[in-house]
Amino acid sequence: MIAEEALVVATSLRKTYPIYGGTFIKRRTGTVHAVDDVSFAIRRGETLGLVGESGCGKSTTGRLLMRLIEPDGGSVRFDGVEMTTLDRRRLNEERRRIQLMFQDPSSAFNPRMRVGQIVSEPMRLAGAPDRAQRARVAELLPLVGLTEEQAERFPHQFSGGQRQRIGIARALALRPEMIVCDEPVSALDVSIQAQVVNLLQDLQQQFGLTYLFISHDLRVVRHIADRVAVMYLGRIVELAPKAELYGSPQHPYTRMLLSAVPKTKPGATRTPTAAAGEAGPAPGGRQGCLFAPRCPHVMPRCRDEIPAFRPVADRHSAACHLLG
Ligand code: SF4
């Protein structure tokens with residue numbers, strides 16, 4: 001993808017966290033590389049799926065895009081504006097254009113606030129007059145499949161799927177161009193998952209929204225994404241259009257994830273990692289391929305040389321020594 005077509009371009013993003021240990025005196029004993037040299041671009045109106053096991057850095061990547069956490073290095077350009085160097089006032093302005101949707105919206109809702117107040121809160125914080133807030137709530141609730149009258153109720157009076165609809169309405173309040181959807185349907189039943197995913201797709205069509213859709217569930221991502229990036233221990237190891245990635249996966253980790261997706265009834269609770277061990281810190285640190293301890297094709301060079309992220313087909317790239 002050429003960068004000019006993109007709404008958002010992330011380049012060499014990095015985020016580390018210190019690990020502290022010691023029995024009597026706490027001291028720094030190591031570093032977690034949550035996001036390690038991550039680069040990608042998302043076109044306007046596109047959905048990029050970001051998949052990987054729990055703890056691989058997907059959610060951190062989403063928050064780095066919005067600068068909800070500060071990167072240690074790298075760049076995020078949103079519609080041509082470099083986000084990492086903006087001052088607080090300009091950052092708040094740009095952030096209105098990118099909103100975040102959580103797995104469990106209730107955790108972000110004040111239980112004492114009515115739904116109308118929850119949905120309009122971003123507008124209130126942005127200084128919008130009361131009348132404009134009320135008008136927007138009346139517009140948004142029917143858009144997400146709720147009724148205007150439900151604005152007077154409290155969040156606990158709604159089901160999980162309805163609360164996610166409230167979360168979507170709130171995310172739309174400031175008319176954003178992009179939404180970072182962080183595991184938005186993981187806590188929902190399968191039938192409800194499909195309804196929420198369909199709603200997100202309808203809203204994308206209607207408003208030309210751009211999504212970064214973060215999920216550990218490859219079946220959900222297959223339904224909604226245009227392209228998919230696979231993350232492992234902080235690095236993107238494969239990125240391709242959806243049909244390419246699911247039809248012709250190139251990286252051994254992607255193949256492992258796909259082979260572990262239950263072929264039985266959609267919605268079974270087994271996770272993609274169940275058949276294949278768990279991701280964990282790479283023995284020997286960050287040199288070489290981080291997937292080497294679990295890879296059935298590991299070669300001596302895999303333990304020393306970081307595999308380059310290189311094109312393997314049109315718009316399809318992967319990082320593995322087997323590929324060149
Ligand atoms: Fe496996 Fe080596 Fe490829 Fe890593 S670089 S995925 S260890 S073959």
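In listed order, ligands and their atoms are each counted from 1.
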Requested in this report: Inspect the contact between Arg235 and Asp36 and indicate whether a charged nitrogen and a carboxylate oxygen are less than 4.0 angstrom apart.
Outcome: yes
Query raised in the report: Just by distance, do the side chain of Gln157 and the backbone of Phe154 share a donor-acceptor pair under 3.5 Å?
Result: yes
**Report entry** Check ion pair Glu139-Arg175 (N to O, under 4.0 angstrom)
**Finding:** yes
**Report entry** Protein N, O or S atoms lying under 2.8 Å from atom 1 (Fe) of ligand 1, listed by chain and number
**Finding:** Cys295 SG
Query raised in the report: Are the side chain of Arg165 and the backbone of Val144 linked by a donor-acceptor contact shorter than 3.5 Å?
Result: yes
Query - Polar side-chain atom of Ser215 near backbone of Glu183 as donor-acceptor pair, under 3.5 Å - result: no
**Report entry** Side-chain donor/acceptor of Lys58 to backbone N/O of Glu53, under 3.5 Å
**Finding:** yes
